[in-house]
2 protein chains.
Amino acid sequence: MTIKDVARLAGVSITTVSQILNKKGDRFSPETRQKVLAVVKELDYKADYFAQNMVSKQTKTIGMVVPDITDLFFSKVIEGVEKHLNELGFMIILCNSNHSSEKENLYIEELLHRSVEGIILASPNPIHLPKLKNEDGSNKIPHILIDRGINKRDEGQLITNEFQGAYEAVEHLVNLGHREIGMLSNETSFYEITDRFYGYKKCLEDYQIPFQEEWIVSKNLTIKGGYEGAQQLLQQNITALFCGNDQMAIGAYRAINEAGKQIPKDISVIGYDGLEITDYLVPSLTTVAQPIFEIGYFAAKFLIDHINNPKEKVPNKYFDTQLVLKNSTKKLDSF
Amino acid sequence: MTIKDVARLAGVSITTVSQILNKKGDRFSPETRQKVLAVVKELDYKADYFAQNMVSKQTKTIGMVVPDITDLFFSKVIEGVEKHLNELGFMIILCNSNHSSEKENLYIEELLHRSVEGIILASPNPIHLPKLKNEDGSNKIPHILIDRGINKRDEGQLITNEFQGAYEAVEHLVNLGHREIGMLSNETSFYEITDRFYGYKKCLEDYQIPFQEEWIVSKNLTIKGGYEGAQQLLQQNITALFCGNDQMAIGAYRAINEAGKQIPKDISVIGYDGLEITDYLVPSLTTVAQPIFEIGYFAAKFLIDHINNPKEKVPNKYFDTQLVLKNSTKKLDSF
DNA sequence: CTGAAAGCGCTTACAG
DNA sequence: CTGAAAGCGCTTACAG
């Protein structure tokens with residue numbers, strides 16, 4: 001069943017059918033429109049996806065590359081992206097880069113080949129993106145990065161106020177009397193340059209607590225990474241631990257338990273992200289919540305807006321974090 | 001840059017280029033082949049995706065529908081699917097049905113419109129699939145269900161031996177002296193007919209423990225569902241709890257803690273799935289592990305095999321579970 | 001207000 | 001061993 005059939009049954013030309021279906025048919029008489037629309041409805045006709053795209057490249061598809069789909073942060077982001085795109089009839093080609101920069105580029109190449117209309121690239125690490133740029137440095141395709149602010153740029157930034165979030169978390173610990181505060185950071189990014197680390201450092205400074213190199217351990221942002229990092233940090237005599245994300249905190253819980261210590265009696269712990277699961281840990285985890293779903297939602301929104309309006313700059317959007325107090329922190333006894 | 005350019009530069013016809021690139025060029029002289037291949041390489045030519053598909057519909061794409069991408073079970077399945085498909089150059093269009101049967105069908109319709117070569121549909125619930133079938137009952141498109149065995153069929157079953165897994169879990173509890181054993185089951189499936197429930201029931205029978213209706217609570221297979229279900233079950237004087245999945249167990253941990261009880265001192269808990277996180281819970285969770293990644297991997301493999309060989313029956317594959325003993329169960333004191 | 005015709009970039013049946 | 005031509009199902013510039 002093709003446009004020809006519709007044209008024949010409606011007694012018009014295929015041009016007419018095409019124009020009317022593509023909302024370019026103002027010039028046709030109401031009767032003609034009606035006839036065409038009726039036939040289309042009756043046959044449940046829909047223009048062939050590939051024939052249509054050969055001409056117009058309106059694929060109504062975007063590509064999404066994530067480093068690890070089983071990471072609760074990224075799956076939540078995807079959920080937000082999907083929410084917005086679904087409302088608009090767009091679909092997502094999902095690519096799991098497995099944290100490999102090489103794979104990211106291979107996927108992007110294939111996505112370009114398939115004429116996706118835009119790409120959302122999520123990664124907690126610095127990104128190498130030769131494939132997204134033309135030789136003159138302009139963008140080859142509309143894209144949005146979800147990178148926790150690692151890659152600096154002046155438009156299309158979608159990040160939570162990391163500095164503030166980290167600062168408040170550490171300040172909370174300081175206010176509870178803690179002065180030996182460890183931090184579990186991200187291995188593959190340079191923690192020295194992240195806002196999250198700056199927040200930690202600045203807070204110590206403001207409260208005149210000397211900064212100790214040994215209180216920082218960098219690991220993968222995973223449960224396992226948190227477990228290993230915490231084991232290492234527990235060698236130091238810290239009384240509190242600020243974790244790079246909630247998953248690391250979950251790993252830290254186990255390490256702390258194995259070290260024979262209790263949370264929060266012996267050590268206070270704060271996470272970052274605000275995953276649902278933090279409510280259910282025992283004890284529930286105090287965490288710096290960020291609106292992960294919304295980040296995905298706005299990534300999708302900004303991308304689509306940009307596709308529809310390529311001339312306009314992509315806005316930046318900063319989300320506020322919220323320190324959610326639960327039961328994993330405690331006032332130092334000596335305080 | 002089109003096939004015309006390649007033909008011109010190689011000094012041959014476009015037919016020749018097409019045939020050689022599509023491995024149908026045995027008949028051409030080695031020199032011709034070489035010339036064409038050289039030009040293709042130099043230009044980095046690749047046939048236009050849409051032009052090619054208008055003729056051949058080899059979209060190298062499959063659709064994947066899951067009820068909730070943030071569910072650790074499904075994200076792990078997707079990882080397995082992706083692994084296999086990626087090796088073959090296939091890509092995945094991901095659809096989040098949000099547990100809605102209506103959305104599942106809308107997505108399937110759109111996937112059909114986009115000529116995906118196959119569909120993997122994951123759902124823990126009974127599935128309504130008018131869109132996947134022709135009027136005569138035959139399949140409209142190759143597809144594989146990942147449904148935990150809920151929808152009975154004689155081919156393409158991909159399930160773990162649920163009966164056995166559940167039986168062993170409950171038997172373990174019985175062997176530790178437990179006789180009041182609760183079960184957190186899945187709300188939206190009819191637990192009466194699932195193998196997991198049969199395993200539970202049969203084990204009680206074999207050990208002559210009377211079955212109690214009140215020991216079964218059905219909730220969503222989520223952390224929250226587990227939390228609520230456990231709260232309810234803790235009203236009963238059970239000494240052990242078999243959870244429908246690990247996420248429910250995580251929720252149960254919190255409910256148990258809030259009830260002022262300790263695991264495993266006051267109550268033993270067993271989960272189902274074997275998620276990585278179970279190693280990190282405190283105490284670590286004894287669980288019935290199933291090879292989730294492999295389930296996804298084989299779903300992809302069977303689907304692709306079926307696409308390549310539509311005549312052959314899709315095999316069934318049963319995976320064995322493994323009861324992984326950790327620290328959430330304990331011999332009853334009175335035993 | 002409407003439609004014939006060119007064109008999008010391929011594949012394939014067929015002729016030589 | 002090779003290629004001209006038809007066809008896949010659309011959209012769009014153009015003519016009337």
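Convention: sequence-line order gives letters A, B, ...; per-chain numbering from 1.
Nearest to the side chain of A:Val55, among C:dT11, C:dC8, D:dG3, sits C:dC8. Each of C:dT11, C:dG3, D:dC10 was ranked by its minimum atom distance to the side chain of B:Ser18; first place goes to C:dT11. Among D:dG9, C:dT2, D:dT2, the nucleotide with an atom closest to any side-chain atom of B:Ser29 is D:dT2. For B:Ser13, counting side-chain heavy atoms from C-beta on, the closest listed nucleotide (C:dT12, D:dG3, C:dT11) is D:dG3. For B:Val12, the listed nucleotide lying nearest its side chain is D:dG3; candidates were D:dG3, C:dC8, D:dC10. Side chain of A:Thr2, nearest nucleotide from C:dG3, C:dT2, D:dG9: D:dG9.
Whole-Å rounding puts the B:His113 NE2 to D:dC10 C1' distance at 11 Å. In this structure, B:Lys4 atom NZ and C:dC10 atom C1' are separated by 11 Å, rounded to whole Å. At whole-Å resolution of the value, CD1 in B:Ile14 and P in C:dA13 are 15 Å apart. Rounded to whole Å, the distance from CD on A:Gln52 to C1' on C:dC8 is 13 Å. Taking atom NZ of B:Lys23 as the reference point, atom C1' of C:dT11 lies 16 Å away to the nearest angstrom. B:Phe50 has its CZ atom 25 Å from the P atom of D:dG7, to the nearest Å. Straight-line distance from the CG atom of A:Leu21 to the C1' atom of C:dT2: 16 Å, rounded to whole Å. Look at CG on B:Asp48: it is 14 Å from C1' on D:dG9, rounded to the nearest Å.
Residue side chain A:Thr15 reaches the base of D:dT12 through a donor-acceptor N/O pair under 3.5 Å, judged by distance alone.
Note on ring orientation: taking the six-membered ring where Trp is involved, the planes of A:Phe293 and A:Tyr297 are parallel (angle under 30°, cut-offs 30° and 60°).
In this entry C:dA13 has no Watson-Crick or G-U wobble partner, no candidate having both defining distances under 3.5 Å. Nucleotide D:dA4 forms a pair with no other nucleotide shown, judged by Watson-Crick or G-U wobble geometry with both contacts under 3.5 Å.
In this structure the side chain of A:His84 never reaches within 4.5 angstrom of the side chain of A:Phe90, judged on heavy atoms. Using a 4.5 Å cut-off on side-chain heavy atoms (C-beta onward), B:Pro142 and B:Glu117 make no contact.
At least one cation-pi condition fails for A:Lys103 and A:Tyr107: the charged atom is not both under 6.0 angstrom from the six-membered ring centre and inside a 45 degree cone around its axis.
Applying the 4.0 Å criterion to OP1 and OP2 of C:dC8, one finds that B:Tyr49 has every side-chain N and O outside that range. Using a 4.0 Å cut-off, no side-chain N or O of A:Tyr45 falls inside it from OP1 or OP2 of D:dG9. For A:Asn53, no side-chain nitrogen or oxygen approaches OP1 or OP2 of D:dC10 to under 4.0 Å.
Between atom CD1 of residue B:Ile108 and atom NE2 of residue B:His113 there is a gap of 16.0 Å, rounded to the nearest 0.5 Å.
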Practice prompt. Decide side-chain hydrogen bond (donor to acceptor under 3.5 Å, both in side chains) for B:Thr61 and B:Tyr49; before the verdict, give the C-alpha distance in whole Å, the side-chain angles of both, and the deciding distance to 0.1 Å.
Written response: CA-CA 12 Å; B:Thr61 305; B:Tyr49 182 71; 3.2 Å; yes
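Sequence order on DNA chain D of the closest nucleotides to A:Lys46 and A:Arg27 puts A:Lys46 first from the 5' end.
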